[in-house]
Structure formats: structure tokens, C-alpha cells
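Residue numbers run from 1 in the order of the sequence given. Basis for what follows: all heavy atoms, side chains included, without hydrogens, waters or symmetry-related copies. Start at 1 and go down the list; that is how both ligands and their atoms are numbered.
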Amino acid sequence: MIPEPLVQSRQLGAWRIHAIQAGGQKLDGGAMFGVVPKPLWERRVAADERNRIQLGMRCLLIEHAIGPVLIDTGAGNKETDKFYDIYGIENRGQTGPTRLEDGLRELGFGVEDIVLVINSHLHFDHAGGNTTRDTDGTVRATFPNARYVVQAGEYAYATHTNERTAASYFPPNFEPLREAGVFDLVEGEREIVAGIRAIPTPGHTPHHQGLLIESNGAHAFYLADLVPTTSHLPLPWIMGYDVEPLVTLETKRRILKRAVDEDWLMVFEHDATTAWSRIQHDGKTYALRGD
Ligand SMILES: [Zn+2]
């Protein structure tokens with residue numbers, strides 16, 4: 001099942017922002033919820049016959065003054081059919097190699113229009129669409145006029161893998177861009193362009209980052225894998241994939257409190273149905289706020 005709709009749009013301060021559902025993905029439910037027992041997570045999300053749950057791969061497009069800015073790029077088109085089957089990835093496009101191009105097209109943009117691509121981290125389902133494999137096998141930048149940005153520590157981590165981390169980092173997703181001189185590495189919290197701030201959110205990977213977008217006092221926060229779906233809002237509901245789950249816990253504690261205090265619109269990358277929502281704390285746990 002490919003989660004729909006392809007594109008959802010709203011206003012954030014002076015800017016239009018668009019959630020582009022770059023495809024479906026299915027991952028093992030146990031791995032997605034870490035130490036949470038199946039009888040608990042199954043009440044929130046159903047598992048298929050292979051114990052997998054349906055996820056999305058939502059990218060965020062911001063119509064910024066400098067031009068369209070894209071956060072994360074989905075899974076791309078460079079892996080084998082077998083690989084996409086294992087991860088339940090359904091992202092083939094109608095107007096280009098992937099659904100990300102379809103979404104951009106629906107919004108009236110082409111890949112050449114994107115001026116900046118920001119990666120939350122470099123796992124294949126977040127940075128796979130950074131590059132595209134042409135029919136002759138050549139790997140090229142998907143966005144020929146864009147600069148790309150990620151945390152320097154994440155780039156180092158992605159290029160120095162071990163037996164556990166190697167399965168998520170594929171050099172064709174980032175090395176051709178670095179070699180071409182278009183991948184900029186930033187360190188720690190910093191404003192990447194006016195109104196878009198990188199906030200280190202370690203835990204899933206040591207240098208994972210969220211993106212805080214601010215326009216005219218309105219805030220949105222792209223959570224990426226810190227809180228991949230709305231079901232991951234409770235503090236201990238942490239993915240088994242995280243390399244430092246107790247660091248994730250402290251990052252969540254800090255970020256979710258700020259999100260409530262400062263009324264951030266949360267953007268959920270992997271949720272199959274909910275693109276964004278504000279959140280509340282009911283005295284016990286974090287949950288969506290119904291407005
Ligand atoms: Zn990841």
C-alpha cells in the first residue's frame with residue numbers, strides 16, 4: 001500500500017510548506033517499537049503477515065525566499081527490487097524515477113528548481129533520493145542545482161561504518177555529492193538559511209538532526225527519526241534501530257517539552273497517515289493535539 005495523499009500543503013507564517021509522501025515502507029513492528037511489547041504497540045498500529053507495519057517516507061518542501069528547500073529525499077531508485085521488497089518500499093514514480101519527483105511536479109516544481117537539500121541523517125530511506133541512477137547505470141545528483149547539507153558528524157559516521165551500522169549507509173547516496181563539492185557539512189545547532197535551523201537530535205544516530213522552521217513567529221519541526229510516527233510520541237516508545245536509545249530518550253524529553261511550550265507544528269516523516277500536528281502533554285504522556 002502506498003500511503004496517500006501524495007502532497008499536503010499548509011501555510012507557516014509567510015511560507016507555504018508541503019509534505020510530500022515519497023512512498024511507502026514496511027518495517028518490522030518489533031524493531032520499530034524497541035522494548036515495547038507487541039500487545040501494546042499492536043493496539044496502535046496493525047502488523048501484516050510478516051510482522052511489518054506500514055510507514056511513509058515524508059519529505060518536506062519549503063517555499064523559501066531563496067527558492068524551494070527540500071528536507072530529506074526518500075529512498076531513491078538505486079537499489080535492487082529484492083532490496084525494496086525486504087523493506088516494503090514502494091516509491092516508483094510516474095513522472096520521474098520516484099514519487100518524490102511526482103510530488104514536486106504536482107506542486108509545479110522540477111528537480112532543477114530545488115536550491116537546497118537538507119538531510120536529517122544519511123540512512124538510505126532519508127538520503128536515498130539525493131542521487132539518481134540513470135538507465136545507463138550512472139549515479140548523478142538528483143537535484144542538479146542544489147547544495148546539500150548534513151551534520152559533519154553524521155557524514156563521518158556514515159563513512160566509517162561497523163557491522164551494525166553498515167546496512168543503513170550506502171556511499172552512492174552521499175559520496176558522489178561530496179566528490180562534486182556540493183555537500184556542505186555543518187556542526188551543531190545553527191541556522192542553515194534564514195528561518196531554517198538545524199537542531200542536533202542525537203540518539204537514532206549520534207549526529208541526527210531535526211529542522212526547526214520559523215516564519216513570522218510560527219514554528220514547525222521536522223522530527224525525522226527522533227519521533228518517526230505519531231505512535232512514537234510516548235517517551236519510552238523508541239525504535240530498536242536507534243544506536244543510542246537512552247540518548248534518544250533525553251533528546252525526546254527536551255524537544256517534546258519545547259514543542260509544547262513553543263507551540264511547534266510537528267512533522268512526522270514515517271507516519272503513514274498523519275503528516276503534521278501540534279502536540280500536548282496531558283500530565284502523563286505526549287499526544288496529538290486535536291486542532
Ligand atoms: Zn534512520
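For Tyr148 (side chain) and Phe143 (main-chain N/O), a donor-acceptor pair under 3.5 Å exists by modelled atom type.
The two residues Leu107 and Ser9 come nearest to each other via the heavy atoms CD2-OG, 4.0 Å.
Within His123, the N/O/S atom positioned nearest the Zn ion (ligand 1) carries the name ND1. Distances from the Zn ion (ligand 1) to the N/O/S atoms of His121 are shortest for NE2. Counting just the N/O/S atoms of Asp225, the one with the shortest distance to the Zn ion (ligand 1) is named OD2.
Just one residue in the list Arg10, Glu63, Gln8 forms a side chain to side chain contact (heavy atoms under 4.5 Å, CB included) with His18, and that residue is Glu63.
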Determine, stepwise, if the pair Glu250 / Arg253 fulfils salt bridge (charged side-chain N to carboxylate O under 4.0 Å, His left out). CA-CA 5 Å; Glu250 297 314 316; Arg253 197 190 306 282; 2.9 Å; yes

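Look at His204 and the Zn ion (ligand 1): an N/O/S atom of the residue is under 2.8 Å from the metal.
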